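What follows is a single structure, written as structure tokens, with notes after it.
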4 protein chains.
Amino acid sequence: MKLKDDKKVIQIFQSALKLVAKKGLSGVTMGDISREAGIATGTLYVYFKSKDELINALFAACRENSVKVSFKGYNPQAPFKPGFRNIWLNILRYKLQNFEETVFLEQCYHSPFITVDTREKAQQLSAPFYELMERGKKEQLIKNADTGLLLTFMIGTMNELVKQTHYGSITLNRTKINVTFDLCWDALKS
Amino acid sequence: MKLKDDKKVIQIFQSALKLVAKKGLSGVTMGDISREAGIATGTLYVYFKSKDELINALFAACRENSVKVSFKGYNPQAPFKPGFRNIWLNILRYKLQNFEETVFLEQCYHSPFITVDTREKAQQLSAPFYELMERGKKEQLIKNADTGLLLTFMIGTMNELVKQTHYGSITLNRTKINVTFDLCWDALKS
Amino acid sequence: MKLKDDKKVIQIFQSALKLVAKKGLSGVTMGDISREAGIATGTLYVYFKSKDELINALFAACRENSVKVSFKGYNPQAPFKPGFRNIWLNILRYKLQNFEETVFLEQCYHSPFITVDTREKAQQLSAPFYELMERGKKEQLIKNADTGLLLTFMIGTMNELVKQTHYGSITLNRTKINVTFDLCWDALKS
Amino acid sequence: MKLKDDKKVIQIFQSALKLVAKKGLSGVTMGDISREAGIATGTLYVYFKSKDELINALFAACRENSVKVSFKGYNPQAPFKPGFRNIWLNILRYKLQNFEETVFLEQCYHSPFITVDTREKAQQLSAPFYELMERGKKEQLIKNADTGLLLTFMIGTMNELVKQTHYGSITLNRTKINVTFDLCWDALKS
DNA sequence: GATGAATGAGATTTCATTCAT
DNA sequence: TATGAATGAAATCTCATTCAT
């Protein structure tokens, strides 16, 4: 008896990501995805009962993955700034190396595919980031401003940075990354 | 694009923007646009010879408009920081009040609709922003870092801020706007 | 400006009927119908927003038509038996000449296409038949049994008769029709 | 059709009947049937090599069963009318209690599933009914009309009766059944 | 034999575009 | 120019059937 294959889901996700990054969420068809994944179109429907569901599942997976990666190596007992820097670098590295996911998440933001439910679950995943920023504020290293605002600042700059990098108007190197972190830290530090 | 009836073009543009913000670039059809604009589908093709052309024209119009608005009231002879602040506020106000355009521009980024030509023309419109930043660097008010990097910082924050505001996780008021500008300025100032 | 064409609806209906009689409700596709009607498949969707809706509309039209034809030439003031006979013959003639509709109505009976709403509306169209039978009972020409039961007798025979005729195990002629009417009348008369 | 497991064939048949009665012959899939029968889709193909074959086998089984049941308790040596009445009641009871089979047979009539071969074999099973009616005619109890016509009358009324009963416009009880038999007998008796 | 994942042909439906009015 | 019906290619999705386990 053949069993549903977890690898296949990953294949499908990767194909979808690749295509969305290349052609945008519009213009990616189920046929494209199956062709890219090397399976029959009908097989997609064994794993996801509609295009909608596929996109939502992928969205959820990307969000989860991105949060998990961000906190890799983070130790809440260690001093704040190096820990913060580590997370900052994790995020940047993640966004650069998984550019397709970054694009996909952004494209989903205003798409009719993502349901309210999926959106809410994604929001809940942000909790650790809020906690991080609160800790910085408590230790008086970070400005005492609205936490959401501070996070927005931190994330927004990265998104734009990654986008510009990818499209060639900026080329990143170790130095520039350091400069960028300093810009960010200067903004947030109290 | 025949300029027989300017009002109709504006109607079409606004309908398209409204729908893209609501449903994403994918899932907006020519039928939707014409219905929203209160005209017949065939009439769309009197003004634009294809969906591609419509989207590209709208993209160009939005970009142009956004730059024009940004520099309203800017006087290169006046002191830098207030001028910079004015522009920063112009951009933020524009993005907040014209959220649909912001979404549209973002959605277009990875879409197959936007041609290389359109993309390049859009890039050229960024020149005044580069000049602004260069002036700040020359006056030693702004850090001596890569100009693209600095601009990225300025713009990225705003995009994220507007998005979060619109989706309700942040509610902006005068104070918060000031705080955000200060974050930005602290990042950029030398 | 092209206007929606009533003739086209009739064309579509006739094509659908022809195909259902030939191939059964299962196995008739929208593609078949459009091909038979000599129009593009997409055009079907200009007139009916789904296959479901097309089938329901056709069902309603057939039912309505069949009732209308049945009472042609019926005069409630004239004596009962000839009037009854006239209606009986109308129905039989209709079913024979419009065999496709007969088949279609029968096939629809248990199909998932027909909605409760359509079914109820169809039921209401039976009122004149009930009135006819009630009149016969009041004039003491018809047995004083349950009206529904009596009608069932009148209609049931015809359905089976038409089916058998069409499939060749019975060949009808004037005499046989008279005999069948007599069978029916003998059953119902008091 | 391998007879490895008779119970499974019965399960499959019953599932198919149930579903056809609920959703019509169109719209019943092999997947539906297997799910209802509690077996895997692939297993269906162990017992029947195609959907066609399954439907044809079920059709044949239903026809055969219905004839067998009809003549239960019939003794050609006993007087005609009670014997005829017995058969009439057998048929009615069968159709009422096995409504799903009745529906299925009706739906098959115009379907592309039933082959000419199956259809002919079914026709041959009607022979005992012809003989019954011939006997009645010979004994001068039944009208001397075309036998097919007489049978058609008898069967057609029952079909309609059962349908109306099932869909609620008639509720049968012992009295009404007696009345109905009398209607039928009045029609056929010479 | 039993399973259910995999297949791909084909069904339904959508939609950019054309065209007759 | 304006209309919206008509088109047909292409998208989504279904389903009878096969196949690996």
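Note that the structure is predicted; figures quoted are calculated from it, not measured. Chain naming here is simple, since letters A, B, ... match the order of the sequence lines and numbering starts at 1 in each. Note that these values count all heavy atoms, side chains included, but never hydrogens, waters or copies made by symmetry.
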Can you list everything that forms a ring-ring contact (aromatic ring centres under 6.0 Å, His included) with D/Phe113? Sequence neighbours excluded, please.
none

Has A/Tyr47 got a side-chain N or O lying under 4.0 Å from the OP1 or OP2 atom of E/dA6?
yes

List the steps, then state whether salt bridge (charged side-chain N to carboxylate O under 4.0 Å, His left out) holds for D/Glu106 with D/Lys163.
CA-CA 11 Å; D/Glu106 192 180 288; D/Lys163 216 190 293 176; 3.8 Å; yes

Among the candidates F/dT12, F/dA16, E/dT13, find the nucleotide nearest to the side-chain atoms of A/Tyr45.
F/dT12

Please indicate whether C/Glu53 has more than 12 foreign heavy atoms, meaning atoms of other residues, nucleotides or ligands, lying under 6.0 Å from its CD.
yes

Closer to the 5' end of DNA chain E via nearest nucleotide, is it A/Lys4 or C/Asp52?
A/Lys4

Among F/dT12, E/dT17, F/dT17, the nucleotide that comes nearest once only the side chain of B/Thr41 is considered
E/dT17

Between A/Gly31 and B/Gly38, who's closer to the 5' end of DNA chain F by nearest nucleotide?
B/Gly38

So C/Leu44, base contact, sugar-phosphate only, or nothing? Heavy-atom distance under 4.0 Å.
nothing

Against the side chain of B/Val46, the closest entry in E/dA16, F/dT1, E/dT3 is F/dT1

side-chain N/O B/Lys49 vs E/dT18 OP1/OP2, d < 4.0 Å:
no

Between A/Lys23 (NZ) and F/dA11 (P), how many Å, whole number?
8 Å

Judged by atom type as modelled, is there a donor-acceptor pair below 3.5 Å linking the side chain of B/Gln107 to the main-chain atoms of B/Gly24?
no

Quick one, B/Asn159 and A/Asn159 - any side-chain contact, counting heavy atoms below 4.5 Å?
no

Hey, does B/Ser50 reach any base, or is it just sugar-phosphate, or nothing, if we go heavy atoms under 4.0 Å?
sugar-phosphate

Check every atom of E/dT7, F/dA5, F/dT3 against the side chain of A/Ile39 and return the nucleotide holding the closest atom.
E/dT7

Can a donor-acceptor pair be found, under 3.5 Å and without considering hydrogens, that links the side chain of C/Asn56 to the backbone of C/Asp52?
yes

State the dot-bracket string of DNA chain F. Criteria: Watson-Crick or G-U wobble, both atom distances under 3.5 angstrom; notation: ( ) intrastrand, [ ] crossing earlier pairs, | interstrand, . unpaired.
.||||||||||||||||||||

d(CD, D/Gln11; P, E/dA2) in whole Å:
11 Å

Can you check the C/Met30 CE to F/dC13 C1' distance for me, whole Å?
15 Å

OP1 or OP2 of E/dA2 sitting under 4.0 Å from any side-chain N/O of D/Lys8?
yes

When all nucleic acid strands are considered with a 4.0 Å heavy-atom cut-off, which category describes C/Thr43: base, sugar-phosphate, or nothing?
base

Let me know the distance between NZ of D/Lys7 and P of E/dG1, rounded to the nearest Å.
18 Å

Could you state the CG-P distance from D/Leu54 to F/dT17, rounded to the nearest angstrom?
10 Å

Are B/Phe13 and B/Phe48 an aromatic pair by the rule of ring centers under 6.0 Å?
yes

Sub-3.5 Å donor-acceptor pair from the side chain of A/Asn98 to the main-chain atoms of A/Glu100, do we have one?
no

How close or far is atom P of F/dT18 from atom CZ of D/Phe48, stated in whole angstroms?
16 Å

What nucleotide among F/dT17, F/dG8, F/dT3 has an atom nearest to a side-chain atom of B/Ala40?
F/dT3

Whole-Å distance separating the CD1 atom of C/Ile33 from the P atom of E/dG10:
18 Å

Can you measure D/Glu36 atom CD to F/dC15 atom C1' for me and round it to whole angstrom units?
18 Å

